[in-house]
Protein chains: 2
Amino acid sequence: MANENEITETAVAVGSRMSGDERRSQILLIAIKLFSQKGFSASTTKEIARLAGISEAMVFRHFATKSELYHAILDYKACEGGTKNPPWTNPVLKRAIEDKDDYAVFYNFALGALLHHKEDVDFMRLLFYAALDEHELSQMFFDQFVSRIYDFIGSYIRQRQADGAIREVEPRVVVRAFLGMLIHHSLNNILWDKKRRLLDVTDEEAAKNFTEILLKGVLKEKQQ
Amino acid sequence: MANENEITETAVAVGSRMSGDERRSQILLIAIKLFSQKGFSASTTKEIARLAGISEAMVFRHFATKSELYHAILDYKACEGGTKNPPWTNPVLKRAIEDKDDYAVFYNFALGALLHHKEDVDFMRLLFYAALDEHELSQMFFDQFVSRIYDFIGSYIRQRQADGAIREVEPRVVVRAFLGMLIHHSLNNILWDKKRRLLDVTDEEAAKNFTEILLKGVLKEKQQ
DNA sequence: GTCTATATAGCGATAGAC
DNA sequence: GTCTATCGCTATATAGAC
C-alpha cells in the first residue's frame with residue numbers, strides 16, 4: 001500500500017509490566033488504530049505486539065486468535081464507541097422535537113453527527129472496512145444504530161407531515177438524503193479532503209447549509 | 001472474514017491456451033473482481049491463478065509483482081471504467097444546461113450517476129478500498145473526475161445564481177449535498193441494503209426525490 | 001506460453017522456560 | 001505476565017523444463 005506511515009502515538013504507555021486488564025485494553029486500542037488504518041488482513045499481530053512493546057506471544061495470550069481480537073474490537077466499538085450518546089437520548093434534540101422546531105431538530109442532529117464522525121475517525125474507517133469485507137459488525141451496527149436513526153428521524157418527519165408542515169415525500173427517502181449529505185461530507189473530510197480540499201467549511205456552516213437545503217426542500221412553501 | 005463466497009462466474013473463458021494479450025486481460029478482469037471483493041491484501045495470486053485456470057507462475061509472467069497488477073487494474077479502471085461517459089459529455093445534460101432547465105439538469109445528472117454506480121459496483125468497491133488504503137488511485141480518480149464534477153455542477157449553480165434563480169449558497173456546498181445523497185444512496189445499495197432493505201425505491205424515484213429536495217432547497221421561493 | 005518445482009520470507013499460533 | 005524459540009502454513013516470487 002501507498003501508506004507507509006507508522007503509528008507513532010499511543011494512548012497507553014508502552015512496555016513495562018502491567019495488569020492483565022490494562023494490557024488487554026492496551027492491545028485492543030493499538031489494534032483498533034492499526035485495523036482502522038490498514039484493514040484486517042494487512043494488519044499483523046507482529047506489528048501490534050511491536051507497537052505495544054511486548055512479544056507476539058503476549059497478544060495471543062489475551063486473544064486466542066487474530067479474528068477474536070477483531071471481534072473484541074468490534075464489540076467494544078459497537079457498544080461503546082458507535083452507539084454512545086445516540087441522538088435519541090440527546091436532550092437538546094428531544095426538546096426541539098417536542099417544540100416542533102424543525103430547524104433545531106435537523107441542525108442539532110447534523111452538527112452532532114458531524115462532530116461525532118470527526119471525533120471517531122478510527123471507528124468510521126473500521127466500519128467501512130468491515131462493510132466492504134462484509135463482516136458481521138457492519139450488519140450489527142446497521143441493525144442497532146442506523147435503522148434506529150431511520151425510525152427516529154422518519155417518525156418525526158411523518159408527524160410533521162400529519163401536521164401539514166412537511167410535504168408528502170417518503171420519510172425514509174428524506175432521511176437518506178440528509179444522512180447522505182452528512183456522512184458523505186464526513187467521508188470526504190476523512191478520505192480525501194486532507195490532501196486536496198474541495199470544500200473548506202466549519203462543521204457549523206456545513207450543518208447549517210445542509211439543514212437549510214433539506215428543510216427548504218421538504219417543507220411546504222407556505223411554511224417558509 | 002465473514003464472506004466465504006467464491007467467485008463462480010468469469011467473463012472470460014477459463015483455461016485453454018490464449019494469446020498474451022488475451023491472457024493478460026483475463027488475469028486483469030479476474031483480479032479486478034477479486035480485489036474489489038476482498039481488497040488488496042486479502043486477495044492472493046494463487047486464487048487469481050486458480051480462477052484463471054492457470055498456474056501462479058503465469059500471473060507473474062504477465063505482472064512482475066502483485067502490486068504491479070494492482071496498478072494495472074487501477075490505470076485500466078480509472079481511464080476506462082470510472083471516467084467513461086462523464087457527465088460533461090452527456091448531450092442530454094448539455095442541452096438541459098443550455099436551456100437552463102434546472103430540473104432536467106439535476107435529474108439527469110442524478111439518474112446517470114445512480115445507473116453508473118449500479119453498473120460498476122466493482123469499481124465503486126475498488127475505489128473505496130483504495131481510498132481507505134490511501135492508495136494513489138484514490139487521489140488520481142479524485143483529481144481527474146470528482147474535482148471536475150464540482151467544477152461542472154458548481155459553475156452551473158453559479159450561473160443560475162447570477163440569473164437570480166438560485167439563492168446565495170456556496171455552490172460547492174450544494175454540490176457536496178447533492179453528491180452526498182447520490183453516492184450515499186448507491187453505497188447503501190451496495191453495502192447494506194441487500195440484506196436489510198431500509199429503502200426500496202427505483203433509481204428513477206430516487207433521482208426524482210433527491211432532485212426535488214435539492215432544487216426546492218436552493219431555488220429562490222418565487223421561482224418555485 | 002505454460003507448467004512443476006522451489007526459494008524465501010513472513011504470517012498466525014504454540015511450547016516451555018523464567 | 002513475559003519472554004525466546006520455533007512450528008506449520010501460506011504468501012509472493014523465481015528457475016528451468018517442455
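In what follows, every chain begins at residue 1, and chains take the letters A, B, ... in the order their sequences are listed.
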Pairwise salt bridge (charged side-chain N to carboxylate O under 4.0 Å, His left out) hits with a residue in residues 203-212 of chain B, at least two apart: A:Arg167-B:Glu212, B:Lys118-B:Asp203, B:Lys208-B:Glu212
Can you measure [X] atom [atom1] to [N] atom [atom2] for me and round it to whole angstrom units?
{"X": "A:Glu47", "N": "C:dC11", "atom1": "CD", "atom2": "C1'", "result": "13 Å"}
{"X": "A:Leu69", "N": "C:dC11", "atom1": "CG", "atom2": "P", "result": "15 Å"}
{"X": "A:Ile54", "N": "C:dA13", "atom1": "CD1", "atom2": "P", "result": "15 Å"}
{"X": "B:Arg50", "N": "D:dA11", "atom1": "CZ", "atom2": "C1'", "result": "16 Å"}
{"X": "A:Met58", "N": "C:dT14", "atom1": "CE", "atom2": "P", "result": "15 Å"}
{"X": "A:His62", "N": "C:dG12", "atom1": "NE2", "atom2": "C1'", "result": "17 Å"}
{"X": "A:Met18", "N": "D:dC3", "atom1": "CE", "atom2": "P", "result": "11 Å"}

Below 3.5 Å, can you tabulate the donor-acceptor pairs from side chains in residues 145-152 of chain B to any protein atom, sequence neighbours excluded?
residue	atom	partner	partner atom	Å
B:Ser147	OG	B:Asp143	O	2.8
B:Arg148	NE	B:Gln144	O	3.3
B:Tyr150	OH	B:Arg176	NE	3.0
B:Tyr150	OH	B:Arg176	NH2	3.4

Pairing residues for B:Asp200 by the side chain to side chain donor-acceptor pair (under 3.5 Å) criterion, not counting sequence neighbours: B:Arg197
Those residues that, when tested against A:Asn90, pass side-chain contact (heavy atoms from CB on, under 4.5 Å) (two or more places apart): A:Val92, A:Leu93
Those residues that, when tested against B:Arg95, pass salt bridge (Lys or Arg N to Asp or Glu O under 4.0 Å) (two or more places apart): B:Asp99
Any N/O pairs under 3.5 Å between the protein and nucleotides 12-18 of chain D? List them or say none.
residue	atom	partner	partner atom	Å
D:dT12	OP1	B:Ser43	O	3.4
D:dT12	OP1	B:Thr45	N	3.3
D:dT12	OP1	B:Lys66	NZ	3.2
D:dT12	OP2	B:Thr45	N	3.0
D:dT12	OP2	B:Thr45	OG1	2.5
D:dA13	OP2	B:Lys66	N	2.7

Under-4.0 Å salt bridge between A:Asp120 and A:Lys77: yes
